[in-house]
Amino acid sequence: MKADDALLRILACPIDKGPLALLAAEGALYNPRLRRRYPILDGIPQLLPSSGEQLSDAEHERAVRQIEEAAEADAEARAEQTEGAGS
């Protein structure tokens, strides 16, 4: 699963029904509101409430940094595409 995958836009946390963020390096989806991480096994998100795991404060901070870094990289890539399309 990739950050721009259409499936990611429609997947929701099974507990609070809110959006999930991709933790590509960990092969997981993350709900920062509840601090729950759901694994992706063989490309299939495991979105049963029992399959999620609660993260510690340190793990949560690391996950949030990963999400922010991925968003920054995505924004940079889009800016480069826009600049390249305008040339």
Side-chain angles (χ1 to χ4, degrees):
M1 180 173 285
K2 297 179 183 176
D4 62 350
D5 194 325
L7 181 61
L8 186 57
R9 289 188 288 256
I10 63 171
L11 291 177
C13 175
I15 298 172
D16 75 355
K17 311 302 186 231
L20 297 165
L22 178 64
L23 299 176
E26 298 180 27
L29 296 172
Y30 186 56
N31 178 341
R33 298 168 307 282
L34 300 179
R35 296 182 177 202
R36 292 189 65 82
R37 177 176 50 205
Y38 298 92
I40 300 172
L41 303 175
D42 296 325
I44 302 169
Q46 307 298 303
L47 294 177
L48 295 172
S50 61
S51 67
E53 67 176 318
Q54 194 73 32
L55 297 188
S56 69
D57 289 342
E59 291 172 314
H60 169 73
E61 293 300 323
R62 187 175 62 244
V64 169
R65 277 195 304 275
Q66 281 184 38
I67 293 166
E68 290 170 349
E69 289 169 2
E72 289 173 9
D74 187 46
E76 289 175 9
R78 285 188 205 165
E80 288 176 9
Q81 286 177 345
T82 302
E83 289 174 7
S87 300

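Scanning all heavy atoms of the two residues, the minimum distance from P45 to L29 falls at CB-CD1, 3.7 Å. Nearest heavy atoms, C13 versus Y38: SG-OH, 3.4 Å. Across every non-hydrogen atom of L55 and A63, the tightest pair is CD1-CB, 4.3 Å.
Through side-chain heavy atoms spaced under 4.5 Å, either directly or across other Ile, Leu, Val, Met, Phe, Trp or Tyr residues, V64 is tied to no other residue.
For the salt bridge (Lys or Arg N to Asp or Glu O under 4.0 Å) condition, the pairs that include at least one residue of residues 41-58, sequence neighbours left out, are R35-D57, R37-E53. Each salt bridge (Lys or Arg N to Asp or Glu O under 4.0 Å) pair with one or both residues in residues 13-22, not counting sequence neighbours, appears once here: D16-R33. For residues 58-69, the side chain to side chain donor-acceptor pair (under 3.5 Å) pairs, not counting sequence neighbours, are E26-Q66, Y30-H60, S56-E59.
L47 and I10 fall within the same hydrophobic cluster, where Ile, Leu, Val, Met, Phe, Trp and Tyr residues are linked whenever their side-chain heavy atoms come under 4.5 Å apart, directly or through other members. The same ILVMFWY cluster, assembled from side-chain heavy atoms under 4.5 Å apart, contains both L8 and I40.
For L48, the side-chain contact (heavy atoms from CB on, under 4.5 Å) partners two or more places apart in sequence, or in a different chain, are S50, S51.
Atoms CG and CG, from N31 and L11 in turn, are 12.5 Å apart once rounded to the nearest 0.5 Å. Of the inter-residue distances, the one linking Q54 atom CD with L34 atom CG reads 7.5 Å to the nearest 0.5 angstrom.
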